[in-house]
Q: 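Dropping a structure here in structure tokens format, bear with me for questions.
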Amino acid sequence: QGQLVESGGRLVQAGGSLKLSCVAFGLTFTDYAMGWFRQAPGKEREFVAAISRIFENTNYADSVKGRFTISRDNAKSTLYLRMDDLESDDTAVYYCAADPNSRYTGTSRDSLSYEQWGQGTQVTVSS
């Protein structure tokens, strides 16, 4: 069974930028579409972005479209989330997740499609 380890979360001022990383251990990275989710205090976990296994097709929540960029380096088994123009509403614990159920060029916004989850990394945006 594989493991996903996120890093890069920290305190940042509104309008600033941050890049999160997620390294996959013990699984064949290209067997999975990958995604980022987040959960703010008192709120349900929500979809942020996803990227397909091949061709790097991407999918974004409307709230982050144009500000966040998801990418992956299959040679390094690493997923990234570049976050620009951060807002206080972006404050949350960010989780990466691996989706074995989407087709090679597909992505999913549904958390039920994801079977491996990281432990999360805290992003706090101060206004």
Q: Would you say the side chains of Asp110 and Ser113 form a donor-acceptor pair under 3.5 Å?
A: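 On atom types as modelled, these side chains do not qualify, holding no pair under 3.5 Å.
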Q: Output the distance between atom CG (Leu27) and atom OG (Ser77), rounded to the nearest 0.5 Å.
A: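 Leu27 atom CG to Ser77 atom OG measures 7.0 Å (nearest 0.5 Å).
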Q: If I take atom CD1 from residue Ile51 and atom OG from residue Ser102, how far apart are they, to the nearest 0.5 angstrom?
A: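 Nearest 0.5 Å value for the CD1-OG distance: 12.5 Å.
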Q: Test of understanding: clusters of I, L, V, M, F, W, Y form through side-chain heavy atoms closer than 4.5 Å, transitively. Do Trp117 and Phe47 belong to the same one?
A: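 They do share one cluster, since a chain of ILVMFWY contacts under 4.5 Å joins Trp117 to Phe47.
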Q: With side chains defined as the heavy atoms from C-beta onward, is the minimum distance between Tyr32 and Glu115 less than 4.5 Å?
A: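 No, their side chains stay 4.5 Å or more apart.
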Q: Please report the interatomic distance CZ(Phe68) to CG(Leu86), rounded to the nearest 0.5 Å.
A: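 If I round to the nearest 0.5 Å, the distance is 5.0 Å.
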Q: Considering only NZ, NE, NH1 and NH2 on the basic side and carboxylate oxygens on the acidic side, decide whether Asp99 and Arg53 come within less than 4.0 Å.
A: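 Arg53 and Asp99: not salt-bridged.
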Q: Test your reading of the model: is there a side-chain donor-acceptor pair from Thr78 to the backbone of Lys76, 3.5 Å cut-off?
A: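 At least one qualifying donor-acceptor pair exists.
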Q: For a 4.5 angstrom cut-off between non-hydrogen side-chain atoms, does Tyr80 reach Thr69?
A: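 Of all side-chain heavy-atom pairs linking Thr69 with Tyr80, none is under 4.5 Å.
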Q: Could you give the distance from CD (Gln122) to CD (Gln39), rounded to the nearest 0.5 Å?
A: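 Between atom CD of Gln122 and atom CD of Gln39 there are 11.0 Å.
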Q: Report yes if the distance between the aromatic ring centroids of Tyr95 and Phe37 is under 6.0 Å, otherwise no.
A: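 No; Phe37 has its ring centre 6.0 Å or more from that of Tyr95.
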Q: Would you say that Gln3 contacts Val23 through its side chain, given a criterion of any heavy-atom pair below 4.5 Å between the two side chains?
A: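 SC-SC contact between Gln3 and Val23 ruled out.
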Q: Identify the heavy atoms of Ala33 and Arg72 that sit nearest to each other, and give their distance.
A: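 The answer is CA-NH1, 3.9 Å.
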Q: Between Thr58 and Thr107, does the side chain to side chain contact (heavy atoms under 4.5 Å, CB included) criterion hold? Intermediate values first, please.
A: CA-CA 7 Å; Thr58 57; Thr107 59; over 6 Å; no
Q: For Arg38 and Tyr94, does a side-chain donor sit closer than 3.5 Å to a side-chain acceptor?
A: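 Judged by distance alone, the side chains do pair up.
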Q: Working to the nearest 0.5 angstrom, can you tell me the gap between Asp90 CG and Ser63 OG?
A: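 Reported to 0.5 Å precision, the distance equals 7.0 Å.
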Q: Any side-chain heavy atom of Val48 within less than 4.5 Å of one from Tyr60?
A: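 A side-chain contact is absent here, since even the closest heavy-atom pair is not under 4.5 Å.
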Q: If only atom types and distance count, is the side chain of Arg67 paired as donor or acceptor with the main-chain N or O of Arg82 below 3.5 Å?
A: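 It does not hold such a pair.
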Q: Closest approach of Gly2 and Gln116, non-hydrogen atoms and distance?
A: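 Distance-wise, the nearest heavy atoms are O-OE1, 3.2 Å.
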Q: Sequence neighbours left out, cut at 3.5 Å: what donor-acceptor pairs do the side chains of residues 8-21 make with other protein atoms?
A:
unit_1 : atom_1 : unit_2 : atom_2 : d
Ser17  : OG     : Asp84  : OD1    : 2.7

Q: For Leu4 versus Ala97, what's the shortest heavy-atom pair and its separation?
A: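 Smallest heavy-atom distance, with atoms named: CD1-CA, 3.8 Å.
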Q: Kindly indicate whether the side chain of Leu112, heavy atoms from C-beta on, has any atom under 4.5 Å from the side chain of Tyr114.
A: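 Leu112 vs Tyr114: side chains apart.
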Q: To the nearest 0.5 Å, what is the distance between OG1 (Thr121) and CH2 (Trp36)?
A: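 Spacing of OG1 (Thr121) from CH2 (Trp36) equals 7.5 Å.
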Q: When you compare the side chain of Thr30 with that of Ile54, does any pair of heavy atoms fall below 4.5 Å?
A: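 Side chain of Ile54 against side chain of Thr30, heavy atoms only: no contact under 4.5 Å found.
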Q: May I ask whether Val93 and Met83 are part of the same hydrophobic cluster, defined by side-chain heavy atoms of I, L, V, M, F, W, Y residues being less than 4.5 angstrom apart, directly or through others?
A: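 Different clusters: Val93 never reaches Met83 through Ile, Leu, Val, Met, Phe, Trp or Tyr contacts under 4.5 Å.
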